[in-house]
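Reading through the structure tokens given below for one structure.
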Amino acid sequence: MLRTHTCGELRIEDVNKEVKLSGWVQRIRDKGGLIWIDLRDRYGITQLLLEEGRSADELVKTARTLGREFVLQATGKVIERVSKNPKMPTGDIEIDLTELNILNASQTPPFTIEDNTDGGEELRMKYRYLDLRRNPLRKNMELRHQVSLETRKYLDSQGFIDIETPYLIKSTPEGARDFVVPSRMHQGEFYALPQSPQTFKQLLMVAGYDRYFQLVKCFRDEDLRADRQPEFTQIDCEMAFVEQQDILNTFEGLVRYLFKEIKGVNIEKLPHITYAEAMQKYGSDKPDMRFGMEFVELNDVTQGKGFKVFDDAQLVVGIKAEGCANYSRKQLDKLTDFVRRPQVGANGLIYVKYNEDGTFKSSVDKFFSQEDLKVWANKFDARAGDLILVMAGETDKTRKQLSELRLEMGEQLNLRNPNVFVPLWVVDFPLLEWNEETNRYHAMHHPFTSPKPEHEHLLDTDPGKVNANAYDLVINGVEIGGGSIRIHNRELQKKMFQVLGFTDEEAQEQFGFLMNAFEYGAPPHGGIALGFDRLVALFAGQDSIRDFIAFPKNNAGRDVMIDSPSVIADEQLKELGLKVDIKNPS
Ligand code: ASP
């Protein structure tokens with residue numbers, strides 16, 4: 001072995017031991033006759049000491065040729081430090097060097113390998129292996145490992161088994177585009193990379209493996225939104241002989257277990273909220289419930305008073321920001337600007353200040369009397385000192401816009417503490433959603449999700465009204481996972497594809513294998529998948545998943561380190577049948 005100890009290991013008890021350490025040079029200080037080298041590895045930093053005159057001349061000479069990130073093997077004796085560093089676990093000791101072996105030299109790194117580095121995002125991506133040497137990223141990788149390990153432990157304890165499913169498959173729709181891989185042996189034909197192992201896990205249920213899980217890579221070719229990765233990892237699970245509540249219980253168990261093991265946090269029973277209620281109260285199917293600020297609908301008390309914006313609106317709805325009646329003109333203008341940003345897209349914002357003296361001041365005083373405003377305030381259970389913010393317009397749009405404002409107010413009022421965790425289940429999602437562009441229904445979850453049995457009859461007459469046995473796990477306003485009870489009956493699956501606009505031939509061609517399997521004793525089943533990268537980021541109290549993936553892609557979907565995607569050789573294209581050889585067309 002090139003070392004007897006790691007760089008994070010030695011303590012005062014080890015004084016006088018002869019040790020060998022290996023690692024990277026963090027920094028060197030050369031002060032007169034004394035040279036200190038900080039040697040770093042994954043486990044920590046240990047200080048090495050050399051002294052001109054006392055240490056061998058050769059050694060001092062070698063030390064003076066070192067630069068940052070050189071890889072060293074250092075041999076010496078553990079001694080007590082004269083000036084100790086209580087901030088470092090190894091801060092009581094240093095190594096009096098007797099031998100120094102340069103295992104490899106290093107160029108000066110393009111950015112500093114420190115907790116707070118001077119490197120920009122792109123540069124750090126390009127030299128990801130250097131960025132990964134930094135503590136914050138190392139901690140992220142360790143956390144990821146720990147969450148993975150604990151997840152496996154829990155699922156194993158519940159009887160789940162880990163089964164791998166293939167990556168070279170045929171399309172599994174999850175609402176994104178497929179990444180495809182051309183086949184050399186079958187020219188003109190393509191594999192698709194899985195958007196999820198959905199159909200395979202269902203086939204495993206048919207095969208009798210009634211509790212399956214996998215920490216699995218999924219691939220989705222989407223227009224990249226901030227913080228989406230074209231490949232990401234899911235905790236993918238499926239269970240047979242269960243109803244929705246069984247799945248919710250099992251995965252609520254996982255959530256609790258992980259919070260306890262990873263964060264030392266006890267999570268109460270998860271509340272359930274229906275999709276309809278979530279949209280009505282929070283304007284979002286992933287409400288951040290670390291704070292209240294529920295929507296209050298005001299149509300009945302605002303319409304018919306001559307204010308056109310309200311009179312023409314499908315929905316008039318507002319929130320109450322407690323204690324914000326003292327917001328200045330400037331602050332209110334800022335909020336109006338916020339909702340007018342194209343990302344939010346509202347026309348404007350109406351405010352009512354419930355002043356400390358009991359009077360009201362609003363932006364619609366021309367249309368509404370003090371008594372009118374008092375009625376509004378009562379609807380909100382508002383008290384003197386509160387601020388009411390109201391929006392109006394088409395129902396769905398207005399809810400979404402007000403949801404943005406609610407989150408913004410939550411932010412401004414410090415109600416979104418990253419160390420507080422409020423998980424919940426959103427249930428009873430609609431089965432379908434109408435797509436204006438394609439002029440047809442799309443599956444809200446995916447086409448394998450079963451309608452609520454009591455709604456099945458509506459599939460022919462009013463498909464938009466059908467609810468599904470589908471559920472999402474939401475934590476702090478982030479969708480962490482989703483799943484559903486599946487269809488396990490050929491006829492119903494066929495019907496579902498019809499509703500989604502597939503011809504019977506198309507459905508048979510793409511999903512015949514699954515529908516056929518349903519004819520060989522498919523048990524009732526359902527499952528869920530949790531976004532693993534996002535879950536880990538959440539445990540670390542961070543929004544972005546990128547630094548929880550060892551080798552992520554940038555915002556444009558590129559790996560700038562290996563430079564991918566990239567063009568491939570003509571030879572390769574020809575071999576794949578993607579380029580015709582003009583001289584020898586086959
Ligand atoms: N396959 C689904 C997804 O990837 C999850 C599930 O329904 O289990 O979102």
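As the structure lists them, so they are numbered: ligands from 1, and atoms in each ligand from 1.
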key: Heavy-atom proximity to atom 3 (C) of ligand 1, best of Glu238, Lys201, Glu479, Glu174   = Glu174
key: Distance filter under 4.0 Å to His446 heavy atoms, resulting ligand 1 atoms   = 1 (N), 2 (C), 6 (C), 7 (O)
key: Test of proximity, His445 against ligand 1: N or O pairs below 3.5 Å   = yes
ask   = Are Phe421 and Phe259 close enough that their ring centers fall under 6.0 Å?
value = yes
request  = Report yes or no: does a heavy atom of Gln202 sit under 4.0 Å from some atom of ligand 1?
outcome  = no
key: Cation-pi geometry met for Arg406 and Phe291 (6.0 Å, 45°)   = yes
task = Anything under 30° is parallel, anything over 60° is perpendicular, the rest tilted; go ahead and classify Tyr129 against Tyr127.
result = perpendicular
Charged N-O contact under 4.0 Å between Lys126 and Glu122 = no
ask   = If you measure only the distance, is there a donor-acceptor pair under 3.5 Å linking the side chains of Thr449 and Ser484?
value = yes
key: Short N or O distance, Arg486 and ligand 1, threshold 3.5 Å exclusive   = yes
ask   = Looking only at heavy atoms, is any part of Ala529 under 4.0 Å from ligand 1, and if so is it the side chain, the backbone, or both, or is it neither?
value = both
key: Any N/O pair Gln195/ligand 1 closer than 3.5 Å   = no
